[in-house]
Participant: 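The structure's right below; bear with me while I get my questions together.
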There are 2 protein chains.
Amino acid sequence: MLTRTPRGSSDKNHLLARGVMLWRCIADDYEQTILVGKYDNGAKLPPESEIAARYGVNRHTVRRAMAELGARGLVRTERGSGTFVRTDKLDYPIGQRTRFSEIVAAAGHEAEGRLQGHRHELASEEVAAHLGLTVGADVVRLEILRAADRVPISVATTWLPAARYPDAAKIFRRLRSVTRTLDHYGITGYARKWTRISAGFTDAVDAGRLRLSVHRPILVVESLDVTGDGEPIMTTRGRFAADRVALIVES
Amino acid sequence: MLTRTPRGSSDKNHLLARGVMLWRCIADDYEQTILVGKYDNGAKLPPESEIAARYGVNRHTVRRAMAELGARGLVRTERGSGTFVRTDKLDYPIGQRTRFSEIVAAAGHEAEGRLQGHRHELASEEVAAHLGLTVGADVVRLEILRAADRVPISVATTWLPAARYPDAAKIFRRLRSVTRTLDHYGITGYARKWTRISAGFTDAVDAGRLRLSVHRPILVVESLDVTGDGEPIMTTRGRFAADRVALIVES
DNA sequence: CCGAGTTGTCTAGTTCAATAGACAAGTCAT
DNA sequence: ATGACTTGTCTATTGAACTAGACAACTCGG
């Protein structure tokens, strides 16, 4: 059947966007049906061969689509058994001791932090106020992507006073953890002073980094961390994939 | 330079969506800058070679992107001269004699109508009311894509009483014009009885047919046409690409 | 008219998406 | 344990996307 339909005449036309690969169209299509709630958490998807037949497509193409959904954290495949929907969210407690690696490890997942970019810049009014600096003071800005079990959870922009932590980027890149980076600077214990939570939607950049579509909901978490003496260390603006995380605030 | 960067490490990373071809990303990127109003109507884009250099991409890839923008009606290229932005809209008068082919021809463009699909169905409450039939009566439903100079302008769903126009689809497919199709049935003059205009956004299907992105604005034009004697002929629900058409209502 | 600048077209080569088929490795119910 | 079913991996092939370079055709200002 279908001896090489050159992308245009078959009945899979309804998905085919010009310039978008077939596997991506299938992945997006399935993401929709999952996000719309057609499958419960843990539900089993049809076998790859059946999906392939339904779309009129090779099984390998479906496998690529499923790999994409896996990377987005929407699905988990088990060899010999099947592919299962995964819409449960990581519980992320917000408290005095809010450390990504610890939280994720405690939940039984593999934590990962990657530096996506960094630069020195002049403190904005907001950053200066948070860190107790004068506007225009030299600050280090880090863009960090965090993942649990290789699934992106958040992107965060962190500012630190450059005077105190001049090589924060270089050190983070080596140690791959904010806690360990601060430890390198002799900060053994630090605490969350305040956290401000709002919400929004992904822009194109965050969507790419988080492996989300554009216009998916995100939790915006602004925060300030201080030393035991109350001296400001860093202020952060994190964007959490709301499809994958729930913030827990104990009272 | 750039001895084949295998899609991932160069500075064009910020556009690269997984599973989306480079030319499509560039086309979408330029569409944004045009729609956001960065270029006036008729403004000249940079030469292809310059755009290619800016994106770090081969000129052929830029040409493909520009071809796409041309197909979307956003841009017009002139050999030896350049590529020019085209954000003016087709003036589409709504009146008693509202005929796509005539209006487009009068504006100096080449009109085209293609039947995208058709079927017999049972008249809904709304369609029955418009056509003066009983609910559930047999009606012919046509899906027609209309274009001016090969640029898609509208998709329209038209319903006709099947009792009177049983083979409307077959005849339209041959004659490629509603006017000529009705002429075949002996309807020489027909008139627009009423027109109802609202607005909305493209869904995935209409976006594909109109070569628009999803969530672009559309004008929704519902209408009823009647014979000289006032007998209902057809009711239509057209979706016009608001980026390319302006409806003109004389009073 | 000339020449610089711009789009159109052609050839060629490399990488990757998608197809096709086969088989290994794992799960699960009977 | 057996066997049906499902995912993982391998090889091979075809066509499209992208790159590279060259040249033709065309426009426009000096």
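Naming convention: chains lettered A, B, ... in sequence-line order (proteins, then strands); numbering from 1 in each chain.
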Participant: Assuming nearest nucleotide by heavy-atom distance, tell me which of A:Trp23 and A:Gly80 is located more 5' along DNA chain C.
Facilitator: A:Trp23
Participant: Contact class for B:Thr83 vs. all strands (heavy atom < 4.0 Å): base, sugar-phosphate, or nothing?
Facilitator: sugar-phosphate
Participant: A:Asn58 or B:Thr77: which one's nearest nucleotide on DNA chain C is closer to the 5' end?
Facilitator: B:Thr77
Participant: Return the value, rounded to whole Å, for the distance between atom NZ of B:Lys44 and atom P of D:dC26.
Facilitator: 18 Å
Participant: Quickly work out the B:His60 NE2 to D:dT19 C1' distance and round it to whole Å.
Facilitator: 8 Å
Participant: Can you measure A:Met21 atom CE to C:dT15 atom C1' for me and round it to whole angstrom units?
Facilitator: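 Value for this atom pair: 11 Å.
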Participant: Ignoring backbone atoms, establish whether A:Arg59 has a side-chain N or O less than 4.0 Å from OP1 or OP2 of C:dA20.
Facilitator: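 Answer no for this pair, as no side-chain N or O of A:Arg59 is under 4.0 Å from OP1 or OP2.
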Participant: Taking OP1 and OP2 of D:dT7, is either one under 4.0 Å from a side-chain nitrogen or oxygen of A:Ser81?
Facilitator: no
Participant: Say whether B:Glu31 and B:Ser213, considering side chains only, have a donor N or O and an acceptor N or O under 3.5 Å apart.
Facilitator: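 B:Glu31 vs B:Ser213: donor-acceptor pair found between side chains.
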Participant: Among D:dT19, C:dT6, D:dG8, which nucleotide has an atom closest to any side-chain atom of B:Pro47?
Facilitator: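 Comparing D:dT19, C:dT6, D:dG8 against the side chain of B:Pro47, the answer is C:dT6.
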Participant: With distance as the sole criterion, is a donor-acceptor pair present between the side chains of A:Ser101 and A:Arg176 under 3.5 Å?
Facilitator: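 Absent: no donor and acceptor within the cut-off.
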Participant: Give the rounded distance in Å between these two atoms: CZ of A:Arg18 and P of D:dA17.
Facilitator: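 My rounded result for the distance is 12 Å.
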Participant: Nearest whole Å is fine: how far is D:dT7 P from A:Arg79 CZ?
Facilitator: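 Taking CZ of A:Arg79 and P of D:dT7, I get 12 Å after rounding.
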Participant: Expressed as a whole number of angstroms, how long is the span from A:Glu50:CD to D:dC5:P?
Facilitator: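 Taking atom P of D:dC5 as the reference, CD of A:Glu50 is at 12 Å.
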Participant: Can you tell me if the side-chain N/O atoms of A:Thr61 get under 4.0 Å from OP1 or OP2 in C:dT19?
Facilitator: yes
Participant: Kindly determine whether B:Ile218 and B:Phe240 satisfy side-chain contact (heavy atoms from CB on, under 4.5 Å), including the steps that lead there.
Facilitator: CA-CA 5 Å; B:Ile218 53 177; B:Phe240 285 68; over 6 Å; no
Participant: Below 30° counts as parallel, above 60° as perpendicular, anything between as tilted: where do the rings of B:Tyr39 and B:Tyr30 land?
Facilitator: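 The rings of B:Tyr39 and B:Tyr30 lie parallel, inter-plane angle below 30°.
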Participant: To the nearest Å, give me how far apart CZ (A:Arg63) and C1' (C:dA25) are.
Facilitator: 12 Å
Participant: Round to a whole Å and report the spacing from CZ of B:Phe84 to C1' of C:dT6.
Facilitator: 10 Å
Participant: Scan A:Arg64 against the nucleic acid and name what it touches under 4.0 Å (heavy atoms): base, sugar-phosphate only, or nothing.
Facilitator: sugar-phosphate
Participant: For residues B:Ile26 and B:Ala65, report the shortest heavy-atom separation together with the two atoms involved.
Facilitator: CG2-CB, 3.8 Å
